[in-house]
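First up is the structure itself, then whatever we jot down about it.
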Amino acid sequence: MPNRSPLLLRGRLLSFDAAPAGAEDTDAYVYEEDGALLVIDGKIAARGRYETVRNRLPDGDIEEVDHRPHLLLPGFIDTHLHFPQVQVIASWADQLLDWLNDYTFPAEQRFADKHHGDRIAGAFYDLLLSHGTTTAVAYCSSHPASVEAYFEEADRRGMLMLGGKTMMDRNAPPELCDTAQNSYDDSKALLQKWHGRGRAHYVVTPRFAITSTPAQLEAAGALLKEHPACHLQTHINENYNEIALTKELYPDAAHYLDVYESFGLLGPKTLLGHCIHMTGHEMQRMRETGSVAVFCPTSNLFLGSGLFDKAGLESAGIRTSIATDIGGGTSYSLLRTLDEGYKVLQLQRQRLHPLTCFYWITRGNAEALSLTDRVGTLDEGSDADVVVLNARATRPMALRMETVESLAEELFVLQTLGDDRAIAETYVAGVASKPV
């Protein structure tokens, strides 16, 4: 990052130290009614009451931006979405496997063209930032050019992004299929080029068991063993037809998770999308390996896949995160995603407190990625990724806010009625990115 003049952001600060049990659990979060963040060279150099931070300012020029009465939170983190599915969102289909064949695979074939990938990458990142998302974990297509487009655009914008080439060598159109060997070779070359370059993190990415032969999953395991600092992402137990086909393809596996475990794919940096229809033994092994269950509420509802059991998974000791899952998911907004997630959990009598929701899309998702030293908080030393939220952004919100009497109520207004219009500003490493 180039050196920049110090920046002072003023507003109402909210950041989390742990998952809050409720509004009374004030040890879990920090709230400053009139707070300030001092940003120097893309990092948060100081945080606290405005007067206190103002008195600590270094000598020389400094830019001050007053965002009052808005809330300043860490930039939102999306732990599961698909970069090549920007033009697939809102496609009418039946269920998962039909949707993949009818829409997703044809769209992904276009990413063999680097120019197409570059154009979509620009729009994709505009959409993320306009919705307050500053870090995301994405599947690219099976084409190395799509990974190049994805990371090049992230690098231009200085964003901390995670992603990787989708590995799949069967049960997909020939134009999308690689082989076990060239998926290993391509992934390794991309990993060596991008992982740790700027703010980029490479993710080993077998799509799911149905589209990978045993040889390819073995190759993915080899990559992970050779590069343990990298994450791994895949899908599991999203849809009953998917589970049945996986059983046919891997008849010797004890269950779906056992397919991945047998190739060394589980661990604290493993992100397993969906985890809806889990068996007791699968949950036990997820806990024991530290693997993460990723909740994708809008896609689970849209594709009729089922209801994520947050309480059941977490009571079993499993780490969880929440994500948009574009393009099966129906909104880039993590506010809209929280709203739908709240409803999914309400159907199971699992009431989700607003403070817990905003913990989830900031520090909670950062913890799931093992990245709390960089993102997800407003702690001193963290990267200065910040979102500014306006709870009066629309007329329904403004009318509701006339009766709001607490921070928790305001957060609930934001997650229930908010969308990209509630994003007043997004900062990436201290640089403002105006919503489109």
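Remark: the backbone N or O of Ala311 is paired with a side-chain donor or acceptor of Gln350 at under 3.5 angstrom. In terms of modelled atom types and a separation under 3.5 Å, the side chain of Asp325 and the main chain of Cys296 share no donor-acceptor contact. Listed for the Lys269 side chain is a donor-acceptor partner under 3.5 Å among the backbone atoms of Ala229. No side-chain donor-acceptor contact under 3.5 Å links Thr416 to the backbone of Val413. Without hydrogens or angle criteria, Thr289 side chain to Arg285 main chain gives a donor-acceptor distance under 3.5 Å. Under a 3.5 Å cut-off, the side chain of Asp169 and the backbone N or O of Thr213 do form a donor-acceptor pair. At least one donor-acceptor pair under 3.5 Å links the side chain of Thr234 to the backbone N or O of Arg207.
Counting heavy atoms from C-beta outward, Phe76 and Ile423 have side chains that approach closer than 4.5 Å. In this structure, Leu355 and Leu411 have side chains that are in contact, with non-hydrogen atoms separated by less than 4.5 Å.
To the nearest 0.5 angstrom, Leu272 atom CG is 7.0 Å from Met278 atom CE.
Using a 4.0 Å cut-off between charged nitrogen and carboxylate oxygen, Lys193 and Glu148 count as a salt-bridge pair. A salt bridge between Arg336 and Asp419 is absent, with no side-chain N of the basic residue lying under 4.0 Å from a carboxylate O of the acidic one.
Pairs passing the salt bridge (Lys or Arg N to Asp or Glu O under 4.0 Å) check and including a residue from residues 16-29, sequence neighbours excluded, do not occur.
Taking the six-membered ring where the residue is Trp, the centroids of His227 and His195 are separated by 6.0 Å or more. The aromatic ring centroids of Tyr139 and His235 lie less than 6.0 Å from each other. A centroid separation of 6.0 Å or more is found between the aromatic rings of Phe358 and Tyr29.
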